[in-house]
Amino acid sequence: SLNTSYNSLKNTLESADRLERNINIFKDELNKMKLQYELGLISRNDYEKQQTTLSTMQNSLNSLLADINKQYVSMMLYAD
């Protein structure tokens with residue numbers, strides 16, 4: 001139903017918003033880790049793992065945004 005589609009879209013939007021906020025927080029933490037790496041306080045491997053984590057988070061956000069677009073188009077087609 002249209003109501004179910006709307007609720008699903010709303011939930012996906014909320015998830016994307018949360019993930020985007022988490023990515024921004026993680027970027028700040030990663031900047032701190034870069035400084036720690038440059039000062040020799042953490043290993044290159046540890047820093048690169050966190051960079052990979054950020055990339056994974058960004059890929060997840062891109063996937064969610066694609067789902068949002070798909071759900072929105074589907075909902076608009078259903079509404080017509």
Separation between OG of S74 and CG of N69, rounded to the nearest 0.5 Å = 12.0 Å
D17/R21 ion pair, N-O < 4.0 Å = yes
Gap separating the CD atom of E14 from the CG atom of L9, nearest 0.5 angstrom | 10.0 Å
Non-hydrogen atoms of M33 and I42 that approach each other most closely = O-CD1, 3.4 Å
Listed partners of Y72 passing ring pair (Phe, Tyr, Trp, His ring centres under 6.0 Å), at least two apart | none
Rounded to the nearest 0.5 Å, what separation is found between the NZ atom of K49 and the CZ atom of R44?
-> 14.0 Å
Are L41 and L30 linked, directly or through other ILVMFWY residues, by side chains that come within less than 4.5 angstrom of each other?
-> no
Going from CD1 on I23 to OG1 on T53, what distance comes out if it is rounded to the nearest 0.5 angstrom?
-> 11.5 Å
Would L61 and Q58 count as a side chain to side chain contact (heavy atoms under 4.5 Å, CB included) if you check the C-alpha gap in whole Å, the side-chain angles of each, and the deciding distance to 0.1 Å?
-> CA-CA 5 Å; L61 179 59; Q58 289 170 325; 5.6 Å; no
From the list L19, L13, N59, side chain to side chain contact (heavy atoms under 4.5 Å, CB included) partner of L64 resolves to L19
Taking the side chain as C-beta and beyond, is there a heavy-atom pair between M76 and V73 under 4.5 Å?
-> no
Give a yes or no answer on whether the side chain of S15 reaches the backbone of N11 with a donor-acceptor pair at less than 3.5 Å.
-> yes
Can you tell me how far the CG atom of N3 sits from the CE atom of M75, to the nearest 0.5 Å?
-> 10.0 Å
Report yes or no: does T12 contribute a side-chain atom to a donor-acceptor pair with the main-chain N or O of S8 at less than 3.5 Å?
-> yes
Taken to the nearest 0.5 Å, the spacing of N24 CG from M57 CE works out to 9.0 Å
So, for F26 and Q50, which heavy atoms are closest and what is the spacing to 0.1 Å?
-> CZ-OE1, 3.0 Å
